[in-house]
K.L.:
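Handing you a structure now.
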Amino acid sequence: MVFSSATFLMAFLPITLVLYFLTPSRAGKNVMLLALSLVFYAWGEPTYVVLMVASIVCNWAFGILIAKSGQTSMRRLWLICDLVANLALLGFFKYQGFLAENINLLVGFELVRDLELPLPIGISFYTLQALSYIIDVYRNKIRYQPNILYLGMYIAMFPQLVAGPIVRYETIQDQILNRKETLPGFAAGLRLFCVGLAKKVLLANMVAILAASMLSQGGSHIGMVGAWAGLIAYTFQIYFDFSGYSDMAIGLGKMFGFSYLRNFNYPYTSRSATEFWRRWHMSLGTFFRDYIYIPLGGNRVSTRRWVLNIFVVWFLTGFWHGAAWNFILWGLFYGVLLILERNWINGFMAKRPGWLQHLYGIAVFMAGWLIFWIEDMGVFARYGAAMIGYYGLTGDSTFWELQAWNYLPVFAVCVVACLPTVPWLRMRLTCWLTGARPLSMGEFMARDIPNPKRSSVEGLCDFGLDEASLAALPAGKYRLYCLARVGVDLCLLVMLLVSIGFVISGSYNPFIYFRF
């Protein structure tokens, strides 16, 4: 089951909300969330829900053993055992086929049988969450969770189960028993869910049609125009799909009283690969930074060792995304680029105009998505040849047959939605209401966008005025403020209804996280 399905929107979510808020006690609500999350997962993975339960039991038991062991050697032993158990589970189900294929190719005969195991959805996400819990218990950063049901709720909770964000236990440990569900909080979560659903259904799914069409036809048939249109479409698809799903997850968590950290921070405004990875899938980036890069020594080592650390981290980042060589190449592409940026490119680009820096940033992540998108190296070569004009402007097709021009209005909307347009307009309105000096877009991005706490996930729908500020507004401005709030909610309601209409009608609705 996924958030953008009729089953979830029309049945599971309403029933879950009713059952959750009818449950009286905090302990009861936690157990209810665990039970409903297992139902959510079992809906599409009835067999693999056993793996989920096994992961919960394993990490609960090892967490207690690590916490209660007095000797450092025993704590380390239990940590290693848990790491081996988690990574073996992930490795077997996600990488068995990939390893078998490449071993057999290397030796020239079938030495290892490919079991053709279906990948348990979300196993990469909940495994990393479990690992972060165990490692933080070992580091004494958090207290172990003695209640297996509460830990189970953390690992299996459906909002972030299938596609993230990767929520660390330290983020929500106090919220397990002490969170408070409020009407304003629920409303803020619902607003964010509406935004995320619209991103997924109205933008990502729309451009996904063009991306899939161009890729399936092949480079020789679509030429340079079709190849670039397909890559642009995929660039928008993966952002609005993934960030939309994260927005929905964070919004759902807020409905239940949880505050998850932001996962995307307008990454397509980046001017470098380094900046891009500070804005894209931030929960994954901070995981690899805190649990792999820094323990390896980070950048406080010799240059040679630092280069090795970068390659290890980015090899693992690529391999985590999928069991295919293109993902490994994608990870190493960013590893090499980050090394070059630190030593040469960033210094050179810092002296260039801002528009050229942005153009470089766009070229970087689009090149990365091309590698990420196409698994078959033969298809990749032909598609890349088409992009540089090897098959002409339109290949074997006519400009009319490609139909790429039909998507120009959608591309324009996507460009606006990639920028902090709505938060900037909200800031301008707030400044006008309070008499403060409004910021230009450049000033706003320099102040707010690098700071997730200032440009929070709720910022899309929240004007940020407290009661004292509202009380100080003149009557006329206060009425305009109320009209603006009502207008925002009406727009979100329309977006929700239109999105639900598209979902119910059975429109194209790909699920791109099956490899994760």
Side-chain angles (χ1 to χ4, degrees), residues 4 198-245 264 266-270 273 276 280 321-322 324 326-327 329-330 333 355-356 358-419 421 502 507-513 515:
S4 56
K199 281 184 179 181
K200 162 62 178 168
V201 175
L202 304 183
L203 294 180
N205 288 357
M206 185 72 69
V207 293
I209 299 173
L210 178 62
S213 174
M214 295 300 101
L215 183 60
S216 64
Q217 292 183 63
S220 62
H221 188 67
I222 61 177
M224 186 166 66
V225 172
W228 277 101
L231 178 58
I232 292 170
Y234 182 74
T235 298
F236 286 133
Q237 177 196 355
I238 195 167
Y239 170 64
F240 289 114
D241 203 305
F242 202 176
S243 69
Y245 215 99
F264 288 85
Y266 298 100
Y268 286 175
T269 64
S270 301
F276 178 78
W280 178 275
H321 276 84
N326 68 302
F327 294 115
L329 291 175
W330 172 77
F333 163 79
W355 65 267
L356 188 59
H358 281 298
L359 191 62
Y360 165 72
I362 292 170
V364 163
F365 61 70
M366 287 191 69
W369 292 138
L370 182 64
I371 301 171
F372 190 90
W373 185 25
I374 305 174
E375 293 187 27
D376 188 293
M377 290 296 103
V379 175
F380 177 87
R382 290 188 292 273
Y383 201 95
M387 290 182 66
I388 61 175
Y390 183 79
Y391 301 109
L393 283 178
T394 59
D396 298 336
S397 306
T398 65
F399 187 73
W400 179 265
E401 289 172 335
L402 286 177
Q403 295 292 306
W405 57 274
N406 282 333
Y407 287 84
L408 290 177
V410 182
F411 284 174
V413 174
C414 288
V415 169
V416 173
C418 284
L419 300 172
T421 309
F502 270 75
S507 61
Y508 187 59
N509 190 21
F511 182 70
I512 64 175
Y513 310 109
R515 293 173 294 187

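What's counted below: heavy atoms across the whole structure, side chains too, no hydrogens, waters or symmetry copies.
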K.L.:
Parallel, tilted or perpendicular: which one describes the rings of F276 and F365, with boundaries at 30° and 60°?
P.N.:
parallel
K.L.:
In Å and rounded to the nearest 0.5 Å, what is the OH to OH distance from Y266 to Y239?
P.N.:
6.5 Å
K.L.:
Work out which heavy atom in M387 is nearest to a heavy atom in W228; give both atom names and the distance.
P.N.:
O-NE1, 2.8 Å
K.L.:
What's the verdict on side chain to side chain contact (heavy atoms under 4.5 Å, CB included) for W405 and V225, showing C-alpha distance, side-chain angles and the deciding distance?
P.N.:
CA-CA 10 Å; W405 57 274; V225 172; over 6 Å; no
K.L.:
Compare every heavy atom of P510 with every heavy atom of Q237, then report the nearest pair and how far apart it is.
P.N.:
NE2-CG, 4.2 Å
K.L.:
Parallel, tilted or perpendicular: which one describes the rings of W280 and Y268, with boundaries at 30° and 60°?
P.N.:
parallel
K.L.:
Does F502, at its CZ atom, have more than 12 non-hydrogen atoms belonging to other residues, nucleotides or ligands within less than 6.0 Å?
P.N.:
no
K.L.:
Start with the C-alpha gap between N326 and I374, add the side-chain angles, then the distance that decides, and say whether side chain to side chain contact (heavy atoms under 4.5 Å, CB included) holds.
P.N.:
CA-CA 7 Å; N326 68 302; I374 305 174; over 6 Å; no
K.L.:
Roughly how far, to the nearest 0.5 Å, is the CG atom of L215 from the OH atom of Y234?
P.N.:
9.5 Å
K.L.:
Considering all heavy atoms of both residues, which atom of L402 and which atom of M214 are nearest to each other, and what is their separation?
P.N.:
O-CE, 3.8 Å
K.L.:
Which residues pass the side chain to side chain contact (heavy atoms under 4.5 Å, CB included) test with A229, not counting sequence neighbours?
P.N.:
L210, A404
K.L.:
Working to the nearest 0.5 angstrom, can you tell me the gap between C418 SG and K199 NZ?
P.N.:
8.5 Å
K.L.:
Donor-acceptor pair, distance only, cut-off 3.5 Å: does the side chain of T235 make one with the backbone of L231?
P.N.:
yes
K.L.:
Using 30° and 60° as the class boundaries, would you call the ring planes of W369 and W330 parallel, tilted or perpendicular?
P.N.:
parallel
K.L.:
Under 6.0 Å between ring centres, would you say that holds for Y383 and W373?
P.N.:
yes
K.L.:
Measure from the side-chain N and O atoms of S4 to the backbone N and O of V201, and report whether any donor-acceptor pair falls under 3.5 Å.
P.N.:
no
K.L.:
Suppose the criterion is salt bridge (Lys or Arg N to Asp or Glu O under 4.0 Å): which pairs have a residue in residues 200-222, not counting sequence neighbours?
P.N.:
K200-D241
K.L.:
Should we count CZ of F411 as having more than 12 external heavy atoms under 6.0 Å?
P.N.:
yes
K.L.:
Do the side chain of S397 and the main chain of H221 share a donor and acceptor less than 3.5 angstrom apart?
P.N.:
yes
K.L.:
Indicate the atoms forming the closest heavy-atom contact of S243 with F240, along with that distance.
P.N.:
OG-CA, 3.8 Å
K.L.:
Hey, does F380 have a side-chain heavy atom less than 4.5 Å from the side chain of E375?
P.N.:
no
K.L.:
First locate atom CG of L393, then atom CE of M224, and finally report the distance between them rounded to the nearest 0.5 Å.
P.N.:
5.0 Å
K.L.:
Enter the distance from L203:CG to F236:CZ here, rounded to the nearest 0.5 Å.
P.N.:
9.5 Å
K.L.:
As an exercise, state the distance from CD of Q217 to CG of D396, rounded to the nearest 0.5 Å.
P.N.:
10.0 Å
K.L.:
Taking the side chain as every heavy atom from C-beta outward, state whether Y391 and I222 have any atom pair closer than 4.5 Å.
P.N.:
no
K.L.:
Do the side chains of M377 and L329 get nearer than 4.5 Å, heavy atoms only?
P.N.:
yes
K.L.:
Of the non-hydrogen atoms in A273 and V364, which two are nearest, and what is the gap between them?
P.N.:
CB-CG1, 3.7 Å
K.L.:
Of all the heavy-atom pairs spanning A227 and A386, show the shortest one and how long it is.
P.N.:
CB-CB, 3.9 Å
